[in-house]
Amino acid sequence: MKAQKFLALISVLAFSLTVSSVFAVEGIDDNNHAALAQYYESVAKETETKLQENKAALEEYEARPYYYGRRGQDFKSHTTANIREYEVVLAESINSADLHKKIAMDQGNPAVNKARLNLNEDAPVIR
């Protein structure tokens, strides 16, 4: 019983370490949102290139399926799955880049306090 609990604890710990490293971009500080936005834009460009290559391969297959023989259906389904996955990654990368651009712009401007301050001593206090 103790061995099972220990094994479960070790597996949960190992899983948590791998998950935490998945979300971090290696080599870029988490607070450098301009660099993170640039990183996600480059990921989006690379993904767009791969997406276009897979779409071209699928069009080639659909134009001449007899070139591919018995493996043609496997090629078609694999390429279609790649296209779907690249579209998801592209959308996520664009959203992340936009988010980090927005955060970088907000960090560049000093925070605005929305409370109204009355600096004139003779005027009534605004509450």
Side-chain angles (χ1 to χ4, degrees):
M1 189 66 163
K2 288 183 181 182
Q4 288 177 345
K5 287 182 182 179
F6 180 72
L7 184 60
L9 179 65
I10 294 297
S11 63
V12 168
L13 180 63
F15 178 73
S16 66
L17 290 175
T18 59
V19 169
S20 66
S21 64
V22 168
F23 296 114
V25 176
E26 193 171 317
I28 300 176
D29 184 28
D30 291 340
N31 293 325
N32 189 353
H33 294 284
L36 287 169
Q38 202 170 35
Y39 168 79
Y40 284 116
E41 286 175 346
S42 68
V43 169
K45 286 179 186 176
E46 291 173 10
T47 304
E48 179 68 29
T49 303
K50 291 177 184 179
L51 178 64
Q52 295 306 323
E53 289 172 359
N54 277 284
K55 284 184 177 181
L58 185 61
E59 286 177 10
E60 175 67 28
Y61 168 77
E62 289 176 347
R64 296 178 189 91
Y66 46 86
Y67 284 172
Y68 295 89
R70 293 182 181 185
R71 297 222 152 204
Q73 289 296 318
D74 291 340
F75 175 77
K76 181 180 179 182
S77 64
H78 182 75
T79 305
T80 305
N82 282 344
I83 289 171
R84 280 193 308 267
E85 184 64 28
Y86 286 137
E87 287 172 345
V88 168
V89 170
L90 181 63
E92 289 175 353
S93 297
I94 290 171
N95 288 339
S96 294
D98 290 342
L99 174 69
H100 286 289
K101 281 182 188 177
K102 183 178 183 252
I103 293 172
M105 287 175 32
D106 289 345
Q107 281 182 344
N109 299 331
V112 176
N113 187 357
K114 293 183 181 180
R116 296 166 123 195
L117 295 177
N118 188 357
L119 298 178
N120 187 358
E121 294 177 6
D122 298 332
V125 177
I126 300 174
R127 295 190 194 255

- [ ] Return the set of residues passing salt bridge (charged side-chain N to carboxylate O under 4.0 Å, His left out) with Glu60 (not counting sequence neighbours), or none when no residue passes.
- [x] Arg64
TODO: Answer yes or no: is there a side-chain heavy-atom contact under 4.5 Å between Lys102 and Asp106?
DONE: yes
TODO: Look up atom CG in Asn54 and atom OG1 in Thr80, then write down how far apart they are to the nearest 0.5 Å.
DONE: 9.0 Å
Task: Hydrophobic cluster (4.5 angstrom, side-chain heavy atoms) - remaining members for Val89 - done: none
TODO: Please report the shortest heavy-atom distance between Ser93 and Val43, naming the atom on each side.
DONE: OG-CG1, 3.3 Å
- [ ] Could you tell me whether the side chain of Thr79 and the main chain of Lys76 form a donor-acceptor pair under 3.5 Å?
- [x] no
Open item on the list: Is there a side-chain contact (heavy atoms from CB on, under 4.5 Å) between Glu85 and Lys50? Walk through the geometry before answering.
Closed with: CA-CA 11 Å; Glu85 184 64 28; Lys50 291 177 184 179; over 6 Å; no
Task: Over all atoms of both residues, closest heavy-atom pair of Leu90 and Ala44 - done: CD1-O, 3.3 Å
Open item on the list: Side-chain heavy atoms nearer than 4.5 Å, only ILVMFWY residues, links allowed to pass through others: does that put Ile83 and Tyr61 together?
Closed with: no
Task: Hydrophobic cluster identity match, Leu58 and Tyr86, side-chain contacts under 4.5 Å - done: yes
Task: Side chain proximity check, Lys55 to Glu87, heavy atoms < 4.5 angstrom - done: yes
Task: Reported NE2-to-CG distance for the pair His100 and Asn95, which is rounded to 0.5 angstrom - done: 11.0 Å
- [ ] Give, for atom CD1 of Ile28 and atom CD of Gln38, the distance between the pair rounded to the nearest 0.5 Å.
- [x] 8.5 Å
- [ ] Please examine the side chains of Glu48 and Leu51, heavy atoms only from C-beta on, and report whether any two atoms are closer than 4.5 Å.
- [x] yes
